[in-house]
Amino acid sequence: METLTQEKLAEKFQAKIDADIKIEPNDWMPDTYRKSLIRQISQHAHSEIVGMLPEGNWITRAPSLRRKAVLLAKVQDEAGHGLYLYSATETLGVSREETIDDLHSGKVKYSSIFNYPTLSWADMGAIGWLVDGAAIMNQVALCRTSYGPYARAMVKICKEESFHQRQGYEIMSTLMNGTEAQREMAQDAMNRFWWPSLMMFGPSDAESKHTEQSMRWRIKRHTNDELRQSFVDASVPQAELIGLKIPDPNLVWNEARGHYDFGAIDWEEFWQVVGGNGPCNKERIEARVKAKEEGEWVREAAMAYAKKHKS
Amino acid sequence: MSTNEWPLWEVFIRSKQGLNHKHVGSLRAPDAEMALQNARDVYTRRSEGISIWVVQSALITASDPADSEAYFEPSDSKVYRHPTFYDLPDGIEHM
């Protein structure tokens, strides 16, 4: 086999990407592509795992057995999604422990939406409908991402998540058909989760430092602003149908663009929350570190048991 | 990194009788029994399967993607291995 120069390898790599040929774990890839994927996929994995916390908060207080069973299934799915994504991260040559330690040390982030508290039952509706809705918008696009293991994980996750959004919308719709107090509770959840949901798509294209390169590598297939617009366009009629108001005085249908125009996002708030100063950042990481530390002896015991029974 | 990290397992699932087991992903588990149980919880929450295989990833021998062009070239160049290579006289519709 002739040895190819780095330059040749990089050329062949980009040609594969341009031809929409998926990259698989042992294929040659530029170091920067690998690093970019590790960052994005592990961030995604952490979001699934940390995302279990705000909803776990309401499992014991779900208003009926049906809602409780549904919420449990949803949270269990999120654990599964985190695992698919940690496995995908590992195919890039980083250990799972290292990946998790990077979350705990704050080196790698997770979706800033999970740093907001879940104050009422209606928040379970808002999260399912808006937060999972935004996540699905992003994840459907990622089903065609250039890295094989990531794309396959996304396909599986998208299949499973469609019920997540529906159950959330069902909660909101039920509340909106309820008493005045229930309608207020739903609207309050909407008011608190709308803007953070829009922030989930990340900084605007002009500000996003990763978008351009990620698009060239086809890790991302749509820009943050494109996905955010699709989300607004999809969500507004859904809100209107059940009588929820979008908390944005500047929201208006733009006939010429064929899209909704919407108000300016408070990026200062976004960067504050990303930077660790959201309402629940500290609590979330503490919960994850506690889970790891307190589970240590269980993992060790299981390993010791396995070794003993091997010999 | 602790030396106690659970080994990695590859998971294969038969979705229904009559089909092959197919690779669906991987997971970490201390032993085969727990790998099976975890595989059930992680990969078959929606009736995806009726049978699971787990294999320790370290036990798999794989071909090298860097060699794949040369390695699989012989099967590309022998077009006469495919039925479309052969001319049939008019009048034969199915063969």
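Computed from heavy atoms alone, side chains included, the values below leave out hydrogens, waters and symmetry copies. Below, read A as the first sequence line, B as the second, and so on, with proteins coming before strands; counting in each chain starts at 1. Being a predicted model, the structure only gives us computed values, none of them experimental.
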For this session: Using modelled atom types only, decide if a donor and an acceptor are shared between the side chain of B/Trp9 and the backbone of B/Ala29 within a distance under 3.5 Å.
Result: yes
Seminar exercise, completed: Honestly, the part of A/Arg152 sitting under 4.5 Å from a heavy atom of chain B is neither
Exercise. Salt bridge between A/Lys35 and A/Asp31, side-chain N to carboxylate O under 4.0 Å?
Worked result: yes
Problem set entry | Per-residue contact mode, B/Glu69 against chain A (heavy atom under 4.5 angstrom) | side chain
Exercise. Should the pair A/Tyr33 and A/Trp217 be assigned to parallel (<30°), tilted (30 to 60°) or perpendicular (>60°) ring geometry?
Worked result: perpendicular
Exercise. Is the shortest side-chain N to carboxylate O distance from A/Asp27 to A/Lys22 below 4.0 Å?
Worked result: no
Exercise. What part of A/Asp101 lies closer than 4.5 angstrom to a heavy atom of chain B: side chain, backbone, both or neither?
Worked result: neither
Exercise. Judged by atom type as modelled, is there a donor-acceptor pair below 3.5 Å linking the side chain of A/Thr145 to the main-chain atoms of A/Ile219?
Worked result: yes
For this session: Can you tell which part of A/Glu90 gets under 4.5 Å to a heavy atom of chain B, answering side chain, backbone, both or neither?
Result: side chain
Problem set entry | Residue part contacting chain B, namely of A/Lys159, when any heavy atom lies under 4.5 Å | neither
Problem set entry | Part of A/Tyr86 lying under 4.5 Å from any heavy atom of chain B | neither
